[in-house]
Amino acid sequence: MGTAYLTLGLATMALPDLMIDISVQDPSQSNGLTRLIFQCFGLQASLFGLLALVSRFTRSTYLAIGAAILPVFVFDYWFYAVDPVLTLAGSLIDAIFNVVFIAMCWLGWRGLEK
């Protein structure tokens, strides 16, 4: 999980324009603030990835992270269908990665059963 977050975060920091082109609809793409927000998001994802790589997760850790990811599905839906900012690709890619992260959390949680 840490490697995935670190990789996606670094890619978003290093290539914000590419990530914006893939995931944000016009006219939101042309906003300079959008680029900064993407880079800040990439930094936060990278920091979490590093933290995840050096931390020892407990069952509670996996449960909390998995639960914290669930509202992101509402975000993806809202900003694709209700207030269209995200592209279909952007919302689907995020949703797919979040399903993978929740599956990783479930596997980690199950793997640490007593």
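Numbering of residues begins at 1 and proceeds along the displayed sequence.
- Y80 OH: 12 or fewer foreign heavy atoms inside a 6.0 Å radius.
- Environment of CZ in F101: crowded, with over 12 heavy atoms of neighbouring residues, nucleotides or ligands closer than 6.0 Å.
- Using cut-offs of 30° and 60° on the angle between ring planes, the pair Y5 and F48 is perpendicular.
- In this structure, the separation between OG1 on T3 and CG on L8 is 10.5 Å, given to the nearest 0.5 Å.
- L51 places none of its side-chain heavy atoms less than 4.5 Å from the side chain of L47.
- I102 is listed as a side-chain neighbour of F73, based on a closest heavy-atom distance under 4.5 Å.
- To the nearest 0.5 Å, atoms CG (D76) and OG (S23) are separated by 10.0 Å.
- In this structure, S91 contributes its side chain and L88 its backbone to a donor-acceptor pair below 3.5 Å.
- Counting only distance, with no hydrogens or angles, the side chain of T87 and the backbone of I22 share a donor-acceptor pair below 3.5 Å.
- Contact check for N98 versus L70: no side-chain heavy atoms found under the 4.5 Å cut-off.
- Rounding to the nearest 0.5 Å places CZ of R35 at 13.0 Å from CD1 of I37.
- Residues M13 and L10 are in side-chain contact: their nearest non-hydrogen atoms beyond the backbone lie under 4.5 Å apart.
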Where do V99 and I96 land on the side-chain contact (heavy atoms from CB on, under 4.5 Å) test, with the steps shown first? CA-CA 5 Å; V99 167; I96 290 167; 5.7 Å; no
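- A distance of 10.0 Å separates CZ in F38 from CG in D17, rounded to the nearest 0.5 Å.
- Proximity of the aromatic rings of F75 and F79 is defined here by a centroid distance below 6.0 angstrom, and this criterion is met.
- More than 12 heavy atoms of other residues, nucleotides or ligands lie within 6.0 Å of CZ in F57, so this atom counts as buried by the packing criterion.
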